[in-house]
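The structure under discussion appears below in the form of structure tokens.
We name chains A, B, ... by the order of the sequence lines, and we start the count at 1 in each one. Every value quoted in this text rests on a predicted model; they were computed, and no experiment measured them.
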There are 2 protein chains.
Amino acid sequence: MAHSPKRKLFLDLVRAVFRINGLLLADGDRMAEGVGLTSARWKVIGVIALSNSGMTVPGIARALGQSRQAVQRITDVMEVDGLVSYANNPRHKRSVLVQLTDQGQQVYHALRTVQDPWAIGLTDDVPVEELAGALRLLQRLIFRMEKP
Amino acid sequence: MAHSPKRKLFLDLVRAVFRINGLLLADGDRMAEGVGLTSARWKVIGVIALSNSGMTVPGIARALGQSRQAVQRITDVMEVDGLVSYANNPRHKRSVLVQLTDQGQQVYHALRTVQDPWAIGLTDDVPVEELAGALRLLQRLIFRMEKP
DNA sequence: CTCAGGCTGACTGCATGTTGTCAATCGACC
DNA sequence: GGTCGATTGACAACATGCAGTCAGCCTGAG
């Protein structure tokens, strides 16, 4: 049991996650630098773009599973850069809504035009079922780690 | 094609990797704090423990797929803490070998006694085949991303 | 209405990771 | 033996993430 194949498989999977996380960040930075962004920023932009009327900073953080402080710092920088704007939140006086500016929208779409071929190229010859299976497993692990 | 199921699957997988990476680091920190370590340090300790006569800093970095500077900073701190020691490298005058001290060995084994039940508990009801499949997929993606 | 607990923003400190640069050493080739 | 490219250590700048704290706003129970 100490060296059960499952244990080794799982630890290898953990290492693979660490590794691919670093590679994804590196690839993301490379793709994003063409439009003056970074990996962390397109993660945030992506969440905002999927919403209709903007999201609060803690809301974005919850969607990403990150701390609100990390998101706040990023939105603050992007607000200075003119990619997002803060709008009054009718449901909450202090917690403003983060919205994409026109420039932010343009950057988001520019990003898509680089990101899509990248995603397609990486998964060219990978069957959909394998992707779905791996995703299910990861989501299952995530669920178990989020509810301790 | 713009919204092909595969593209969405892949992007969901990317998000899952980001999320699980954060959760693994958090869990690792929680497990490691009992023995006075952090996630980053047991990653490094793990690599050293698997070697026989110690490893150079760049060697550890290559094994982890990280920059040597990041590893160097961690080994420097662990050397001050008495977990590792630097030994002369007969094959290279400047590049010393990082070795576990007795204390480092003890910490490594203490970590295993916490890590093993954690790994087992997370994968309790997950079939080995699913683990293996997900690992194969991730390693395939890693391979494609490492060779641009 | 009042007030207690929860949510938010702002700030701080810390850990980790990347990239870039420079000088010293190594190693391989001529 | 000499030379040149690769490797290494040391240092710095920067980006990102977490946790902790504090004060102010919001919400809902009483």
Margin query: Within the 3.5 Å criterion, strictly below it, is a donor on B/Gln72 or B/Asp76 matched to an acceptor on the partner's side chain?
Written below: yes
Check: Does a nitrogen or oxygen in the side chain of B/Arg30 sit under 4.0 Å from OP1 or OP2 of D/dC18?
Finding: no
Notebook entry, point to check: Roughly how far apart are B/Glu79 CD and B/Gln99 CD, rounded to 0.5 Å?
Noted result: 12.0 Å
Next item on the list: Indicate yes or no for a side-chain donor-acceptor contact from B/Thr56 to the backbone of B/Ser95 under 3.5 Å, with no hydrogens or angles considered.
Entry: no
Margin query: How long is the straight-line distance from CG of A/Leu135 back to NZ of B/Lys8, given to the nearest 0.5 Å?
Written below: 8.5 Å
Next item on the list: For atom CG of B/Asp125, decide whether the heavy atoms of other residues, nucleotides or ligands shown that lie under 6.0 angstrom number more than 12.
Entry: yes
Notebook entry, point to check: Are the side chain of B/Arg19 and the backbone N or O of A/Ile142 linked by a donor-acceptor pair below 3.5 Å?
Noted result: no
Next item on the list: List the protein contact pattern of nucleotides 14-24 of chain C with one symbol per nucleotide (5' to 3'): B for base contact, S for sugar-phosphate-only contact, - for none; contact means a heavy-atom distance under 4.0 Å.
Entry: --BBBBBB--B
Item checked: Between P of D/dA15 and CG of A/Leu37, the distance in whole Å -> 13 Å
Checklist line | B/Phe10 vs B/Leu141, side chain to side chain contact (heavy atoms under 4.5 Å, CB included): CA-CA, chis, key distance, verdict | finding: CA-CA 11 Å; B/Phe10 177 67; B/Leu141 292 177; 4.2 Å; yes
Margin query: Just the rounded figure in Å: distance from P of D/dC18 to CG of B/Leu24.
Written below: 14 Å
Margin query: Distance check needed: D/dA10 P versus B/Asp76 CG, whole Å only.
Written below: 7 Å
Check: What string of B, S and - do you get for nucleotides 1-6 of chain D, 5' to 3', if B is base contact, S is sugar-phosphate-only contact and - is no contact with any protein heavy atom under 4.0 Å?
Finding: ------
Item checked: Strand-adjacent residues in residues 47-61 of chain A, judged by heavy atoms under 4.0 Å from DNA chain C -> A/Val57, A/Pro58
Next item on the list: List for me each residue that meets side chain to side chain contact (heavy atoms under 4.5 Å, CB included) alongside B/Val96, sequence neighbours excluded, and say none if there are none.
Entry: B/Tyr86
Notebook entry, point to check: Taking A/Thr123 for the side chain and A/Val126 for the main chain, is one N or O donor matched with an acceptor at less than 3.5 Å?
Noted result: no
Notebook entry, point to check: For A/Leu64 and D/dC18, what is the distance between atoms CG and C1' respectively, to the nearest whole Å?
Noted result: 15 Å
Margin query: Has B/Asn89 got a side-chain atom pairing as donor or acceptor with B/Arg91's backbone, closer than 3.5 angstrom?
Written below: yes
Item checked: Rounded distance (Å) that lies between atom P of D/dC25 and atom CG of A/Asn89 -> 15 Å
Indicate every side-chain donor-acceptor pair of residues 36-43 of chain A with a distance under 3.5 Å to a residue at least two apart or in another chain.
{"unit_1": "A/Ser39", "atom_1": "OG", "unit_2": "A/Leu25", "atom_2": "O", "d": "2.9"}
{"unit_1": "A/Ser39", "atom_1": "OG", "unit_2": "A/Asp29", "atom_2": "N", "d": "3.1"}
{"unit_1": "A/Ser39", "atom_1": "OG", "unit_2": "A/Asp29", "atom_2": "OD1", "d": "3.0"}

Notebook entry, point to check: Roughly, in whole Å, what's the span from CD in A/Gln72 to P in C/dT12?
Noted result: 14 Å
Check: What distance do A/Arg136 atom CZ and A/Leu131 atom CG have between them, rounded to the nearest 0.5 Å?
Finding: 11.0 Å
Check: Just how large is the angle between the end axes of the helix from C/dC1-D/dG30 to C/dC30-D/dG1, five pairs per end, to 10 degrees?
Finding: 30°
Notebook entry, point to check: Do B/Lys6 side-chain atoms and A/Ile120 backbone N/O form a donor-acceptor pair below 3.5 Å?
Noted result: no
